[in-house]
Amino acid sequence: MTIRFDNRVAIVTGAGGGLGRAYALALAARGAKVVVNDLGGARDGSGSSLSAAQLVVDEITAAGGEAMANGASVSDEAAVEKMVAFVKERWGRIDILINNAGILRDKTFAKMTLDDFRQVVDVHLMGSVTCTKAVWEVMREQAYGRILMTTSSTGLYGNFGQANYGAAKLALVGLMKTLSLEGAKYNVKTNTIAPLAATRMTEDLMPPAMLEKMGPETVAPAALYLVSEEAPTNVVMNAGGGGFERAYVTLTRGIHVAPEDMTPETIAARFEEISDRKGEIVPDTGGAQGGMALGAL
Ligand code: NAD
């Protein structure tokens, strides 16, 4: 099986460098027409320039592919709508959206201002929401759509100094879960990638020997599969340096007690049993989990 993207139109946000650039190049190499979106600011979100996106477009066209540059900020509703309308007019459809744009404002929670928190949530969470909302109806009407969210090990498992980033990144997993359900009838599939790669975002966080083996192109295969025709839905995949894993939100079997035992003391006494991971499951939906709780009554 060869995965191709001929006649597919893809928008990749934050594609002027790092992971987004690798996704854009890989999609174009396999036949997609690609919108290379990037605000072109600094790592903390300050400033802007279209030149980074244009350089990636130049690389794609030099290799015989088709691409256009776009400088919309992902959280600017009007600019994103304009981008989507332009792409629709020029290429007629939008099959793939990779929500990849991001910034960092790392500080301990004690030192973090609410502005640092809001800015990061605005780009990662609201930027992904804004871009997804702008293509959602297009994809539903086409009865075809593939959306990729970008989470992080920080969102899934936590990281010192990244409270804002972790909160925004795990929110995207929640967004994916509901969009997977709501998009199913329309063949709109939503997945999430948790990348690990050497980019300007991580250049001072990983040792040089590791950076060498962790180029963004080592993440692209997972991203491409997750936006392909064969894509699953509702999947969180970790990827980087040749490693590919899946992350799940699991539920333990827990305990079910009579009303007279519903006390904090029971919880304290049986906490290990509640936490026991033997036989844990992954409910398909929130409703399924609620149904199981009801069923146990
Ligand atoms: P990067 O800084 O190279 O890329 C992010 C890009 O997003 C930049 O080119 C930037 O200009 C663009 N951008 C920022 N704000 C924007 C906005 N408002 N509108 C449009 N574009 C904007 O970093 P990267 O490592 O390639 O990160 C890509 C994504 O992967 C991010 O969402 C990041 O959080 C996530 N991620 C990266 C790693 C890693 O190991 N590199 C790990 C976990 C998650």
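From a predicted model like this one, the values you see are computed outputs, not experimental measurements. All heavy atoms count here, side chains included; hydrogens, waters and symmetry mates do not. In listed order, ligands and their atoms are each counted from 1.
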In terms of heavy-atom contacts, does CZ of Phe244 have more than 12 from other residues, nucleotides or ligands at under 6.0 Å?
-> yes

Is there at least one pair of N or O atoms, one from Gly20 and one from ligand 1, spaced under 3.5 Å apart?
-> no

Is Leu39 in polar range of ligand 1, meaning some N or O pair under 3.5 Å apart?
-> yes

Between Glu59 and Arg21, is the closest basic N to carboxylate O distance under 4.0 Å?
-> yes

Proximity flag Asp76 to ligand 1, non-hydrogen atoms under 4.0 Å | no

heavy-atom search around atom 15 (N) of ligand 1 in the protein gives Ile103 CG2, 3.6 Å

Ligand 1 versus Asn100: contacting region, heavy-atom distance under 4.0 Å | both

Considering only heavy atoms from C-beta outward, does the side chain of Val227 approach that of Phe5 to under 4.5 Å?
-> yes

Please confirm whether Ala72 comes under 4.0 Å of ligand 1, counting heavy atoms of the residue only.
-> yes

Arg277 CZ: over 12 foreign heavy atoms closer than 6.0 Å = no

Atom 42 (C) of ligand 1 [closest protein heavy-atom partner, distance rounded to 0.1 Å] = Pro195 O, 2.9 Å

Does Gly127 have a heavy atom less than 4.0 Å from any atom of ligand 1?
-> no

Does the side chain of Tyr186 reach to within under 4.5 Å of the side chain of Tyr144, using non-hydrogen atoms?
-> no

Geometric N/O contact Val123 with ligand 1, under 3.5 angstrom = no

Looking only at N/O atoms, are Thr199 and ligand 1 under 3.5 Å apart anywhere?
-> yes

Using a heavy-atom cut-off of under 4.0 Å, does the side chain or the backbone of Thr150 touch ligand 1, or both, or neither?
-> side chain

Does any N or O atom in Ser75 lie less than 3.5 angstrom from one in ligand 1, N or O only?
-> no

Kindly check if the number of other-residue, nucleotide or ligand heavy atoms within 6.0 Å of CD (Glu77) is above 12?
-> no

Got an N/O contact under 3.5 Å between Tyr165 and ligand 1?
-> yes

For Gly41 and ligand 1, answer yes if some heavy atom of the residue is under 4.0 Å from a ligand atom, otherwise no.
-> yes

Is there a heavy atom in Thr13 that sits closer than 4.0 Å to ligand 1?
-> no

Any non-hydrogen atom of His124 lying under 4.0 Å from ligand 1?
-> yes

Report the nearest protein non-hydrogen atom to atom 40 (O) of ligand 1: residue, atom name, distance rounded to 0.1 Å.
-> Ala197 N, 2.8 Å

So, does Arg43 sit close enough to ligand 1 that a heavy atom of it is under 4.0 Å from the ligand?
-> no

From Asn164 CG over to Thr113 OG1, what is the distance, rounded to the nearest 0.5 angstrom?
-> 9.0 Å

Have a look at Arg146 and tell me which of Asn191, Asn187, Thr190 forms a side-chain hydrogen bond (donor to acceptor under 3.5 Å, both in side chains) with it.
-> Asn187

Which residue and non-hydrogen atom of the protein lie closest to atom 18 (N) of ligand 1, and at what distance in Å?
-> Ser73 OG, 3.0 Å

Which atoms of ligand 1 have any heavy atom of Lys169 under 4.0 Å away?
-> 32 (O), 34 (O)

Could you tell me whether ligand 1 has any atom less than 4.0 Å away from a heavy atom of Gly40?
-> yes

Do ligand 1 and Arg200 have nitrogen or oxygen atoms that lie under 3.5 Å from each other?
-> yes

Inspect the contact between Asp6 and Arg30 and indicate whether a charged nitrogen and a carboxylate oxygen are less than 4.0 angstrom apart.
-> no

Report yes if Ser152 has an N/O atom closer than 3.5 Å to an N/O atom of ligand 1; otherwise report no.
-> no

Heavy-atom side-chain proximity of Arg93 to Asn7 below 4.5 angstrom | no

Is Leu19 reachable from Val36 through a run of I, L, V, M, F, W or Y residues, each pair having side-chain heavy atoms under 4.5 Å apart?
-> yes

Check Val74 against ligand 1 and report side chain, backbone, both or neither, counting heavy atoms closer than 4.0 Å.
-> both

Quick one: do Arg4 and Glu229 make a salt bridge, cutoff under 4.0 Å?
-> no

Thr150 side chain near Thr192 side chain, heavy-atom distance below 4.5 Å = no

Does CG belonging to Asp44 count more than 12 external heavy atoms closer than 6.0 Å?
-> yes

